[in-house]
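Note sheet for the following structure.
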Amino acid sequence: MTTPTVQFALDRLPVPAHLLDQDAHDPLAHKRQEFMLPGGVIYLDGNSLGALSRRVTERLTRVTTQEWGQALIGSWTAGAAQGQDWMGLPDRVAAKLARLIGAHPDEVAVGDSTSVNTFKALAAALATAHPGRRVILTDQDNFPTDLYVAQGLIGLLGERYELRRVPADDVAAHLNSEVAAVLLTQVDYRTGRCLDLAAVSAAAHAAGALTVWDLAHSAGAFPVELNAAGADFAVGCGYKYLNGGPGAPAFLFAARRHHAAPVALSGWMGHADPFEMARDFQPAPGARRFVTGTPMVLSLSALDAALDVFEDVDLQALRTKSLALTDTFIALLDPVSERLGLTLVTPRDQARRGSQVSYRHPDARAVMAELIAAGIVGDFRTPDILRFGFTPLYHSFADVSRAAQGVQAVLEAYA
Ligand SMILES: *Cc1c(COP(=O)(O)O)cnc(C)c1O
């Protein structure tokens, strides 16, 4: 345990009037009360583990005590007409997710982790890509699991493919007739840099390559328009901005034109009729074929309830607020950042920014430990990144002001 060098009551730090005014006019302000947020803490880590919404607690109680506890195995099919059967849960969650990512419900498969879905999506993309092409083009700083999954799949495919890693901004320049698929994370987990989904997808297509997008830091943070962008495949994470809970099921998107793509992890739950117990795999229609095994009912139920929080949320308003929150944080720290050893690595250009703000600091690891001890919960990422995630559903401008004051106070004491 680190003993904090600075201690203060975060919620009593003064907030400038114009920011209080912004809170008073915030169309999403009422969403905060739907979440359980610990007192005395400003939680800026919803990009790593989203906060718990009250609906999830209620839902998990119902699922365990009634559905599992009382109805037992009958719950797989009970209430199908009212949309309450466990069997239909992956499809119902897929439909809720579809709206957030600009997809049709039958283009989304829910289950497993993001890592596993990356394997499934990349395998489907390679099997669909131009047969003579042997290169998977990726960002050299991509999230480790994306790189590892690609390496594992390449090994399985007898090293026929090459993983070509280039700086994210140079991807377009490396598109050529060798590239089968482009594997990219839209928002960089360290810097918060956001790629132009439509522009990169269009460039990939112009070069004859398919796209596999990782939306771990996009889905639920701002509107994603997969079909408008012409994306081929995508995956995303249920426990970050979607608030589905630790280890929540992830999702896979396959555009309708790819629904005949081979399914590498063909399990019985992706079969057209699982209980026919047929000897050969006959894929279910649409993206459902990518669901491999038995739905994780407890965690899927939590994700299902968490997604209801988005039901009445205008996604443009979500984006507008997210950018205002990150703009405000950057502006509040700008005057002091140089003196405090902070170097902003998140793009100032709104179009190139996700929903986080990151700084380099030479002692980032120790500094973040101090910040967390003082109640400002962000996180450290190697080698020297301080990362602060902003969640427009539950952050106020007062939070941003107090967090910025807290960061300043801790760093002044640290320096
Ligand atoms: C968080 C994250 C993941 C998570 O993968 P898991 O399989 O859930 O561990 C994947 N990709 C990116 C870019 C992430 O940020």
Side-chain angles (χ1 to χ4, degrees), residues 44-51 90 93 97 100-101 108-123 125 136-153 163 165 167-168 171 181-195 197 200 211-222 224 226 231 233-253 264-265 290-293 295-296 298-300 302-303 306 345-346 353-358 378-382 385-391:
L44 300 175
D45 219 353
N47 52 342
S48 204
L49 175 63
V93 175
L97 270 166
L100 303 181
I101 58 174
V108 183
V110 178
D112 301 317
S113 63
T114 309
S115 303
V116 172
N117 281 294
T118 303
F119 180 93
K120 295 185 206 182
L122 186 59
I136 302 167
L137 187 60
T138 196
D139 170 9
Q140 62 190 20
D141 295 318
N142 206 340
F143 189 77
T145 214
D146 299 67
L147 300 173
Y148 303 163
V149 163
Q151 289 164 7
L153 184 58
L163 183 61
R165 309 145 187 244
V171 163
V182 179
L183 174 64
L184 292 171
T185 300
Q186 190 188 9
V187 177
D188 182 273
Y189 72 103
R190 287 194 182 96
T191 64
R193 177 275 298 132
C194 183
L195 293 176
L197 197 72
V200 177
T211 51
V212 181
W213 289 100
D214 186 333
L215 305 176
H217 296 275
S218 311
F222 52 81
V224 178
L226 284 172
F233 295 93
V235 298
C237 182
Y239 53 79
K240 291 172 180 163
Y241 291 96
L242 298 174
N243 310 312
F251 65 87
L252 180 156
F253 160 88
L265 289 179
F290 291 103
V291 173
T292 306
M296 309 129 146
L298 298 183
S299 50
L300 258 177
L303 177 60
V345 293
T346 300
R353 192 189 315 149
S355 197
Q356 71 181 60
V357 178
S358 299
D379 59 22
F380 162 74
R381 283 294 176 269
T382 55
I385 301 272
L386 298 170
R387 194 173 78 151
F388 304 97
F390 293 88
T391 311

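Remember, it's a predicted structure, so these values are computed and weren't measured experimentally. When a ligand or atom number is given, it counts from 1 through the structure's own listing order. Start at 1 with the first residue, then count along the sequence.
When Asp139, Asn117, Thr185 are each tested for a side chain to side chain contact (heavy atoms under 4.5 Å, CB included) with Asp214, only one passes: Thr185. The only option from Val108, Leu252, Val110, Asp112 that meets the side chain to side chain contact (heavy atoms under 4.5 Å, CB included) definition with Phe290 turns out to be Leu252.
Contacts of ligand 1 (protein heavy-atom distance under 4.0 Å) are Ser113, Thr114, Ser115, Phe143, Thr145, Asp146, Thr185, Asp214, Ala216, His217, Tyr239, Lys240.
With sequence neighbours left out, Arg353 forms a salt bridge (Lys or Arg N to Asp or Glu O under 4.0 Å) with Asp327. For the ring-ring contact (aromatic ring centres under 6.0 Å, His included) test, no residue two or more places apart in sequence or in another chain qualifies with Phe380. For Lys240, there are no salt bridge (Lys or Arg N to Asp or Glu O under 4.0 Å) partners, not counting sequence neighbours.
For Arg193 and Asp141, the salt-bridge test fails: no basic side-chain N is under 4.0 Å from an acidic carboxylate O.
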